[in-house]
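We count residues from 1, following the sequence as given. The figures that follow rest on heavy atoms only: side chains count, while hydrogens, waters and symmetry mates do not. Counting convention: from 1, in listed order, for ligands and their atoms alike.
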Amino acid sequence: MNLKSRRMMLTTFQRNGVPGLLFLVIFFSFHLLKISSAAGNEAEALVKWKTSLPSNSVLDSWSLNNSRNLCNWTGIKCSRAGTVSGINLSGADLNGTLDQLDFSSFPNLTVLDINTNNFEGVIPSAIGNLSKLAYLDLTTNLFEDIVPVEIGLLTELRYLSLFNNSFNGPIPYQIENLQKLRHLELGGNYFDGVIPGEIGLLTKLRYLSLVYNSFSGPIPYQIGNLQNLRFLNLAENYLETPDWSKFPSMPLLSFLFISGNELTLGFPDFITGCQKLSFLDLSFNYLTGPIPPSLFTNLVNLEYLGLSDNQFQRLPSPSFANVSKLNNLQLHNNNFSGPVPEFLGNISSLAYVKSYNNFFEGKIPSSLGKLRNLEYLDLRKNYLNSTIPSELGLLSNLTFLYLKKNQLSGPIPPEIGNLRSLLLLDLSENQLSGPIPKTFGNLTSLFNCLLISNNLSGTLPQEIGNLTTLSSFEVGNNKLSGKLPAEIGKMRALAYFSVKSNKLSGNLPPEIGKMRALTYFSVKNNTLSGNLPPEIGNMTALKSLDVRSNNLSGELPRTLFNLDRLVNLSLSDNQFSGLISLDL
Ligand SMILES: *[C@@H]1O[C@H](CO)[C@@H](O)[C@H](O)[C@H]1NC(C)=O
Ligand SMILES: *[C@@H]1O[C@H](CO)[C@@H](O)[C@H](O)[C@H]1NC(C)=O
Ligand SMILES: *[C@@H]1O[C@H](CO)[C@@H](O)[C@H](O)[C@H]1NC(C)=O
Ligand SMILES: *[C@@H]1O[C@H](CO)[C@@H](O)[C@H](O)[C@H]1NC(C)=O
């Protein structure tokens, strides 16, 4: 042991008093014969820990016979001085606990990364000895119980992740000592209690995630102090409307009577103080009230905004929005009412907008047509009662368009046919009228086309035969009339076809026999007439064939019995005649 390190050890043990000295004596007598260096001590501590773990060949290099090579042991990193500075055993399939790891042997450890293993048990309070630790990653293990208050001694920590374990209890307020912390991830545990306001003292934080825990109570207003925060995820907790947070300047206030008014204490306003935020997720909590306009004017770096699954009531209508990087807006499953704000059409960076299951009413703003980067628009289950604005046809990058279950009326604008990237179109359960536009034939990427339960009329355009990638075509419960076009036979990828409950007439075209991928075919409740064409026997993938309630007649073609995958065959309420031969 060199002089320098001995001096260091002495000062360490002086602080510990007599037991420390006693330990020192034992330490020396034990070590004088063996490896007389700090490195030797570290090697012994590692081997002692290894011995306590179920054996794993990953640690084969960890052996006292090999202690000269300590710095080359699997997962071990040394500083230039030759002492252990890092232990990285991520994804090594290790089991066991940290109980036998003598933290006091690693005064120079800066990195402890054992993410993605099967370690269990507690974080020993002796972890407080790792006074140089800057990086601690215990992500994805089976650790449990409370986090010891000694975590507050790790004042050099910059990165702390306990993600995806089974920790519980409150976050110790001593976390306030971790003044250098930039990344704090405590998500995916069972932490509960209130979020300590002390988190607001960690002003270097850039990343804060408490997602998927059992935190309750208000979001502490001190979070508004975290001016360097880029990423804030408080989703999937039991957080509530903050009652006191609006009154941070009245620290002595104990009684506040506000009932009998129409005040809504709602969105944690102070979050708009975190001006560098690019990711903000508050979804899956119990937050209520209106959203402050400052959210859309102050957070100029915002890229992701998750407000879904709360009880928020109103979106603001600021005349301008500064969130020019906002890409993903999640508003679904709230109580948002009133009109869909026009200003959304000015956030040209928007790519994903999910707003289903709210109480939005009135128009779909035509300004949405300006969102040329929009890929995903979901306004399902609202009370929108306008027409579909033709401007939506300008959304050339749109791949998913969900407008199901509103009160939209008027025709489907032919401009929808311009959406060449569209994979899914769901306009079901509205009051749309008029024909299915011929331009649908241009939707050559379309996979799902759902127009169920509207008042669509006219004939099925033959152009739908151009939809050769379509897998599902459902226009049941409308007023379509005329014949089924022979061109449907060209829809080679179609698996699901339903035109049930319309007013279609004429024959079933023999070309249906070309739909070899079809598993579900329903024309029930129409006024089709004539025979079942023998070509029906070529639809060999069919599992369900439903022609019930039509005026079909004649004998059943023998080929029908080639359909050996059929599970459901419904021929009822027609005028078929002749003998059914059941000698299959
Ligand atoms: C810790 O690092 C210092 C400086 O690099 C060194 O002098 C000392 O020996 C190290 N201590 C241990 C126990 O490794
Ligand atoms: C350091 O570890 C020793 C045992 O090795 C323990 O008694 C002591 O409490 C620890 N110190 C801190 C600050 O955790
Ligand atoms: C649509 O809803 C709005 C708001 O509820 C209402 O004022 C308007 O009259 C409705 N328009 C139609 C065409 O039903
Ligand atoms: C689309 O369908 C129409 C009508 O069946 C047909 O005339 C036209 O050639 C088709 N276009 C393409 C590109 O297949």
Show the distances, to 0.1 Å, for all pairs joining an N/O atom of ligand 4 and a protein N/O atom that are shorter than 3.5 Å, listing one pair per line.
| from | atom 1 | to | atom 2 | distance (Å) |
| --- | --- | --- | --- | --- |
| ligand 4 | 2 (O) | Asn466 | OD1 | 2.6 |
| ligand 4 | 2 (O) | Asn466 | ND2 | 2.8 |
| ligand 4 | 11 (N) | Asn466 | ND2 | 3.0 |

We want to know whether Asp192 and Ser214 form a side-chain donor-acceptor pair, criterion being a heavy-atom distance below 3.5 angstrom.
no
Could you pull out all donor-acceptor pairs under 3.5 Å where a side-chain atom in residues 373-387 meets a protein atom, sequence neighbours excluded?
| from | atom 1 | to | atom 2 | distance (Å) |
| --- | --- | --- | --- | --- |
| Asn373 | ND2 | Ser348 | O | 2.8 |
| Glu375 | OE1 | Tyr352 | OH | 3.3 |
| Asp378 | OD1 | Arg380 | N | 3.0 |
| Asp378 | OD1 | Arg380 | NE | 3.1 |
| Asp378 | OD2 | Arg380 | NE | 3.3 |
| Asp378 | OD2 | Arg380 | NH2 | 2.6 |
| Asn382 | OD1 | Asn358 | N | 3.2 |
| Asn382 | OD1 | Phe359 | N | 3.4 |
| Asn382 | OD1 | Phe360 | N | 3.1 |
| Asn382 | ND2 | Ser355 | O | 3.1 |
| Asn382 | ND2 | Leu379 | O | 3.0 |
| Asn382 | ND2 | Arg380 | O | 3.2 |
| Ser386 | OG | Ile364 | N | 3.1 |

Give every residue pair that meets the salt bridge (charged side-chain N to carboxylate O under 4.0 Å, His left out) criterion with at least one member in residues 427-436, sequence neighbours excluded.
Lys404-Glu429
Assess, by modelled atom type and distance only, whether the side chains of Asn328 and Gln330 contain a donor and an acceptor separated by less than 3.5 Å.
yes
Does Phe296 have its ring centroid less than 6.0 Å away from the ring centroid of Phe343?
yes
With sequence neighbours left out, write down each residue that passes salt bridge (charged side-chain N to carboxylate O under 4.0 Å, His left out) with Asp309, or none if nothing qualifies.
none
